[in-house]
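Working notes for the structure below.
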Amino acid sequence: MSWNQRIASALQQRHAAHQWRQPVTLDSAQGTEVEVNGQRLINFCSNDYLGLANTGGDDLAAAAQRWGLGSGASHLVCGHSRAHQQLEEALAHHTGYPRALLFSTGYMANMGVINAFAQRGDLVLQDRLNHASLLDGAQLSRADFQRYHHLDYTHLQQRLQNFRESQANSSRQGLAMVVTDSIFSMDGDLADVAALSRICQQQDALLMVDDAHGLGVIGTNGGGVREHFGLSPAELPLYVGTLGKALGGFGAFVGADSDTIDYLIQFARPYIYTTALPPAVAEAMLGNLRRMKDNQLRQVLDGHIQHFRARALEAGLNLMDSVSPIQPLLVGAEDRTLELSQKLRQRGFWVTAIRPPTVPEGSSRLRITLTAAHHRDQIDALLDALIELCTDPQEPRS
Ligand SMILES: *Cc1c(COP(=O)(O)O)cnc(C)c1O
């Protein structure tokens, strides 16, 4: 087989399986209403949960006047500016950690953290539905990599126990690491991080939580999963937050104690070998961090989530069991999910069809996301359309 044949056959398979993907081009800024191909669409697929993605433009312009565009180098060469330093301090303060370390993206932070810690002979245990960047990070490491059933901490404990027994019977000195999403990106449910923390302390395992969808959304002050569960930094020693979701910007960071941050600076390759974020972006993020602290945004968002779920469940829509702004509607088959997404599009709603390999086979879904910037009538209009499209007209409706 030649390379051309392999490419053609892989593309053809993706098409046939209704798994083809391609980007859609926006002609407007991010928001609840966007323009695509001359059509106005009400947007229900962004991760901009607090509606901040299009608020920091003035901050960014002012910061760019001072810092220009490029950072010039990696953090450890000469790319680490006062703007980066201030953002790290502000993020550490907001999430309740002694220190924070910036990464260019959440994907890189996850790859970097897992690989800095997990070595040959160690065990990395992950929830089966963790984000791809976490799974990829473990795969790249030389550690043993096992997945436990989604949210099944009995299964996790068994695996940890097996590992400890196998270690006791050998001269090896392996360590265990447990990694989970807080809010699962395609399901919207929340890991019981308090339970995980207890298990990890009992079993001497290192706990890492990816709070990409929790930071800004959960916790009384938007402090994320650690605040939500009332854990101390020692009880949740490795925290990953991203700046591209509720914070409405770009970038990511790790929150941890001082030694852990120093360790990452030495050993996390995606920190060491990449250009630092543009300093103007780092400075502008301070503005969004300030905006994010407004608890009213979270109140509005929570109200939307309650309203959406109440009406959808009453109408018998097949909503997944989610407490978060991610409210997936389970469909099952790829082609049916695509068709629903397209029909919604014709009616002016943008809701992405999420299909394998992003989610397990047979669990294709419409991933509906709500934001604090939505208006109640936009949400009601979406519900009307969903009820019309998803409720079988043959079935009598009471
Ligand atoms: C989006 C996401 C990431 C990646 O973050 P980026 O900054 O976009 O690279 C990591 N983990 C989870 C759970 C995510 O949803």
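These numbers come from the heavy atoms of this one structure, side chains and all, not from hydrogens, waters or symmetry mates. Start at 1 and go down the list; that is how both ligands and their atoms are numbered.
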*If you count the atoms of ligand 1 from 1 in the order shown, which ones are under 4.0 Å from a heavy atom of N110?*
10 (C), 11 (N)
_Atom indices of ligand 1, in the order listed, that fall short of 4.0 Å to a heavy atom of S185_ = 15 (O)
*Against heavy atoms of T242, which atoms of ligand 1 measure under 4.0 Å?*
5 (O)
*ligand 1 atoms in contact with G106 (distance to a heavy atom under 4.0 Å)*: 4 (C), 5 (O), 6 (P), 7 (O), 9 (O)
*Is the closest heavy atom of A252 to ligand 1 under 4.0 Å?*
no
*Counting from 1, what ligand 1 atoms have a heavy atom of Y107 closer than 4.0 Å?*
4 (C), 5 (O), 6 (P), 9 (O)
*asked:* Once you restrict to heavy atoms under 4.0 Å, what part of T105 touches ligand 1? Side chain, backbone, both or neither.
replied: both
_Aromatic contact between Y263 and F117, with the criterion being ring centroids under 6.0 Å apart: yes or no?_
yes
*Between L134, D210, V254, L101, which is the residue that forms a side chain to side chain contact (heavy atoms under 4.5 Å, CB included) with V113?*
V254
*Determine yes or no for a side-chain-to-main-chain donor-acceptor pair under 3.5 angstrom, with D211 supplying the side chain and Y239 the backbone.*
no
_Centroid separation under 6.0 Å, is that true for the rings of H374 and F44?_
yes
*Please check if the side chain of T391 supplies one atom and the backbone of E388 the other of a donor-acceptor pair under 3.5 Å.*
no
_ligand 1 atoms in contact with D210 (distance to a heavy atom under 4.0 Å)_ = 10 (C), 11 (N), 12 (C), 13 (C)
*Give me the ring orientation class for H80 and H84: parallel if the planes are under 30° apart, tilted from 30 to 60°, perpendicular past 60°.*
parallel
*Interfacing atoms of ligand 1 (cut-off 4.0 Å, heavy-atom, H213)*: 13 (C), 14 (C), 15 (O)
*Answer yes or no for K245: is there a heavy-atom contact with ligand 1 below 4.0 Å?*
yes
*F184 and H150: ring pair (Phe, Tyr, Trp, His ring centres under 6.0 Å), yes or no, with the steps?*
CA-CA 10 Å; F184 287 82; H150 182 49; 4.5 Å; yes
